[in-house]
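Have a look at the structure below before the remarks.
Along the sequence shown, residues are numbered consecutively beginning with 1.
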Amino acid sequence: MSFPLLTATAVLPAIGAVATAAVPAAKRDAAKWLALLVSLATLVLAVVVLVRFDPDGARYQLTESHAWIKDFGVRYELGVDGIGAVLVALTAVLIPFIVLAGWHDADPLETGSRRWRPTQGFFALILAVEAMVILSFEATDVFLFYIFFEAMLIPMYFLIGGFGDRAHEHGEEVASTQRSYAAVKFLLYNLVGGLIMLAAVIGLYVVAGNFSLQEIAEARANGSLDMATDTERWLFLGFFFAFAVKAPLWPLHTWLPNAMGEATAPVAVLITAVVDKVGTFAMLRFCLQLFPEASKWATPVILVLALISIIYGALLAVGQRDIKRLVAYASISHFGFIILGIFAMTSQGQSGATLYMVNHGISTAALMLVAGFLISRRGSRLIADYGGVQKVAPVLAGTFLIGGLATLSLPGLAPFVSEFLVLVGTFARYPAIGIIATFGIVLAALYTLVLYQRTMTGPVKTEVAKMPDLRARELVVVAPLVVLLIFLGVYPKPVTDIVNPAVQQTMSDVQKKDPQPEVEAAK
């Protein structure tokens with residue numbers, strides 16, 4: 001038997017989570033180093049997955065298949081296409097930075113606090129989320145995917161509710177209440193979506209007789225599985241609802257600002273840059289592949305919802321007083337672009353959407369983690385409490401600016417390429433929607449530049465006059481993310497070469513071809 005590389009990529013952080021949690025209470029630093037080493041080892045395995053993946057080869061590669069629950073046709077089936085491979089790599093790249101950025105976020109609170117912060121548990125939960133997210137990107141059995149799609153909610157609930165941000169204007173008691181509210185809201189929204197999806201998963205089994213993504217898709221393609229139109233549409237809606245909650249898509253988005261606002265900055269990155277990508281990825285892998293006709297039927301409504309997400313998220317970001325909630329609403333706008341690209345049903349749109357998942361993960365991590373370093377120094381998330389930071393901490397201000405410029409998709413930085421492809425792909429088939437979506441870019445420039453102006457420029461406020469610049473550990477976190485933003489902004493080809501064949505196969509699933517440009521005949 002060949003080495004089970006995909007299993008190893010997911011099992012390693014799972015084992016690391018158990019080992020980290022088992023470190024004695026007095027050895028907090030050992031738990032941190034163990035979590036960091038495990039995350040780096042997982043990154044090495046993810047790089048091996050990318051190296052071994054052949055874009056010109058079979059659709060799903062490095063496959064593994066073993067019987068699991070025979071009576072119900074459930075199998076342990078793994079495999080990655082180009083989209084899954086790059087998202088596994090994105091997850092593995094970001095987790096070491098999340099661990100480093102949160103190095104002191106779970107240290108014991110000051111004497112007299114009523115809350116105990118188990119450091120080992122914090123890092124163990126991060127590794128557990130990594131394992132479940134990676135398995136979600138790798139699973140080709142629908143039921144197996146569903147298990148990890150739901151299971152990741154448990155560690156995320158404790159990360160949000162148990163390890164919230166210490167910077168709060170109303171004191172610890174109010175902060176604890178708001179963290180609990182944010183964690184419960186996150187859990188309830190996603191559980192409701194998951195329960196509706198479970199009904200659809202069971203319905204799919206009744207219709208198809210198994211849970212294998214590849215077998216069901218092949219049966220749909222060759223006509224041996226003829227699904228009634230109404231049945232297909234109901235099943236599609238069950239899957240899509242759960243993915244839209246996770247994504248998050250308007251109007252199912254309201255849990256995200258609460259969760260990101262109350263979580264620590266590294267956990268906020270884990271939510272929006274890693275966990276939420278499972279929702280948009282699943283739209284490509286499951287909705288379009290299993291239910292092609294229903295996907296085309298629902299496209300007009302989904303495009304409108306995506307457009308609302310783009311404009312609504314950006315408008316609310318403009319009016320935010322809280323730095324972290326601003327980034328959260330900006331992310332809602334960006335996820336609108338991703339979903340717009342997916343359902344534009346063009347190769348440029350879907351390639352741009354997949355590239356956007358990667359680039360948004362990197363840019364949001366850069367901006368949010370630097371914002372977290374800023375907030376930890378001042379002890380406040382309010383924009384009005386800052387001013388003149390660039391004069392006392394120029395490196396911090398500079399990296400904050402780069403993260404912000406990436407968020408507004410400045411040419412030369414990674415998100416520009418993906419946003420451009422999404423808009424080109426949308427214009428090609430839905431020009432009116434493409435035109436309206438471009439206003440999201442204008443609003444992004446507004447909320448990003450206003451945020452930078454109010455926090456970093458102007459007179460130096462007394463409270464930030466002695467603010468230290470980025471330390472060595474923080475530079476190790478931020479510098480590689482900045483390099484990736486610039487590299488992928490100038491040369492995105494390594495990612496697009498892996499992604500494009502998978503996109504073409506998805507286009508074939510829904511039987512869509514790119515619209516041909518209308519060129520007037522020469523007179």
Side-chain angles (χ1 to χ4, degrees), residues 81-84 87 193 197 200 217 220 229 232-253 276-313 331-360 418-440 499-500 502-515:
D81 60 0
I83 299 169
L87 291 178
M197 180 184 169
R220 295 302 311 275
T229 300
E232 179 177 347
R233 289 177 179 180
W234 280 112
L235 294 178
F236 167 85
L237 290 174
F239 276 78
F240 181 80
F241 184 86
F243 302 153
V245 172
K246 185 87 78 180
L249 177 67
W250 184 93
L252 305 171
H253 68 284
D276 287 354
K277 298 299 187 298
V278 178
T280 47
F281 161 79
M283 292 178 188
L284 278 166
R285 170 166 282 189
F286 295 99
C287 288
L288 270 60
Q289 192 170 343
L290 293 176
F291 315 110
E293 293 304 320
S295 297
K296 289 185 284 188
W297 162 75
T299 288
V301 174
I302 295 172
L303 291 179
V304 171
L305 295 178
L307 193 59
I308 293 173
S309 289
I310 292 170
I311 304 301
Y312 172 86
S331 291
I332 292 170
S333 182
H334 296 148
F335 274 102
F337 275 109
I338 294 171
I339 296 170
L340 186 70
I342 292 171
F343 284 91
M345 301 292 184
T346 60
S347 58
Q348 299 99 326
Q350 291 187 358
S351 293
T354 305
L355 190 60
Y356 213 134
M357 293 185 220
V358 176
N359 293 338
H360 172 263
S418 44
E419 197 164 279
F420 178 78
L421 285 173
V422 166
L423 290 173
V424 167
T426 304
F427 272 117
R429 200 179 293 279
Y430 304 100
I433 290 177
I435 291 171
I436 299 172
T438 56
F439 285 99
V499 164
N500 285 341
V503 166
Q504 293 300 328
Q505 289 164 333
T506 304
M507 290 285 291
S508 178
D509 290 334
V510 293
Q511 298 179 350
K512 283 282 191 178
K513 294 182 179 179
D514 290 330

At their closest point, which heavy atom of [X] faces which heavy atom of [Y], and how far apart are they?
X: H360; Y: S331; result: NE2-OG, 3.3 Å
X: G279; Y: F243; result: O-CB, 3.5 Å
X: S309; Y: G336; result: CB-CA, 4.0 Å
X: A200; Y: G238; result: CB-CA, 3.9 Å
X: V499; Y: G82; result: CG2-O, 4.4 Å
X: P248; Y: L252; result: CB-O, 4.2 Å

Between R285 and I83, does a side-chain contact (heavy atoms from CB on, under 4.5 Å) hold up when you go through it step by step?
CA-CA 9 Å; R285 170 166 282 189; I83 299 169; over 6 Å; no
Pairs involving residues 340-353, ordered by first then second residue, that meet salt bridge (charged side-chain N to carboxylate O under 4.0 Å, His left out) (sequence neighbours left out):
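The answer is none; no pair qualifies.
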Of all pairs that satisfy salt bridge (charged side-chain N to carboxylate O under 4.0 Å, His left out), the ones with a partner from residues 296-306, not counting sequence neighbours
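Counting only pairs at least two positions apart or across chains, the salt bridge (charged side-chain N to carboxylate O under 4.0 Å, His left out) contacts touching residues 296-306 are E293-K296.
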Just how far is it from atom [atom1] of [X] to atom [atom2] of [Y], taken to the nearest 0.5 Å?
X: D276; Y: H334; atom1: CG; atom2: NE2; value: 13.5 Å
X: I332; Y: I311; atom1: CD1; atom2: CD1; value: 13.5 Å
X: L235; Y: C287; atom1: CG; atom2: SG; value: 10.5 Å
X: N500; Y: Q505; atom1: CG; atom2: CD; value: 11.0 Å
X: M507; Y: S351; atom1: CE; atom2: OG; value: 9.0 Å
X: L423; Y: L340; atom1: CG; atom2: CG; value: 7.5 Å

Please report the C-alpha distance between F241 and V245 in whole Å, then the side-chain angles of each, then the deciding distance to 0.1 Å, and finally whether the side-chain contact (heavy atoms from CB on, under 4.5 Å) criterion is met.
CA-CA 6 Å; F241 184 86; V245 172; 4.0 Å; yes
Set of residues satisfying side-chain contact (heavy atoms from CB on, under 4.5 Å) with respect to [X], sequence neighbours excluded:
X: A217; result: Q289
X: S333; result: I310, A314, F337
X: T280; result: A247, K277, F335, I338, I339, I342, M357
X: A242; result: F149, M197

Output all residues satisfying side chain to side chain donor-acceptor pair (under 3.5 Å) with [X], sequence neighbours left out; order by chain, then residue number.
X: S295; value: none
X: Q348; value: none
X: S347; value: D514
X: N359; value: S418

ring-ring contact (aromatic ring centres under 6.0 Å, His included) involving F236 - partner list, sequence neighbours excluded:
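Result, ring-ring contact (aromatic ring centres under 6.0 Å, His included) vs F236: F240.
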Look only at the side chain of T426 and the backbone of V422, and say whether a donor-acceptor pair between them is shorter than 3.5 Å.
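It does hold such a pair.
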Indicate yes or no for a side-chain donor-acceptor contact from T346 to the backbone of G425 under 3.5 Å, with no hydrogens or angles considered.
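A pair under 3.5 Å: yes.
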Stepwise, does the side-chain contact (heavy atoms from CB on, under 4.5 Å) test hold for E232 with W297?
CA-CA 10 Å; E232 179 177 347; W297 162 75; over 6 Å; no
Show me, pair by pair, the donor-acceptor contacts under 3.5 angstrom made by side chains of residues 427-436, not counting sequence neighbours?
residue: R429; atom: NE; partner: A344; partner atom: O; Å: 3.2
residue: R429; atom: NE; partner: M345; partner atom: O; Å: 3.4
residue: R429; atom: NH2; partner: M345; partner atom: O; Å: 2.9
residue: R429; atom: NH2; partner: K513; partner atom: O; Å: 2.7

Check: [Y] and [X] side chains under 4.5 Å, non-hydrogen atoms:
X: H253; Y: W250; value: yes
X: L288; Y: D509; value: no
X: F281; Y: T354; value: no

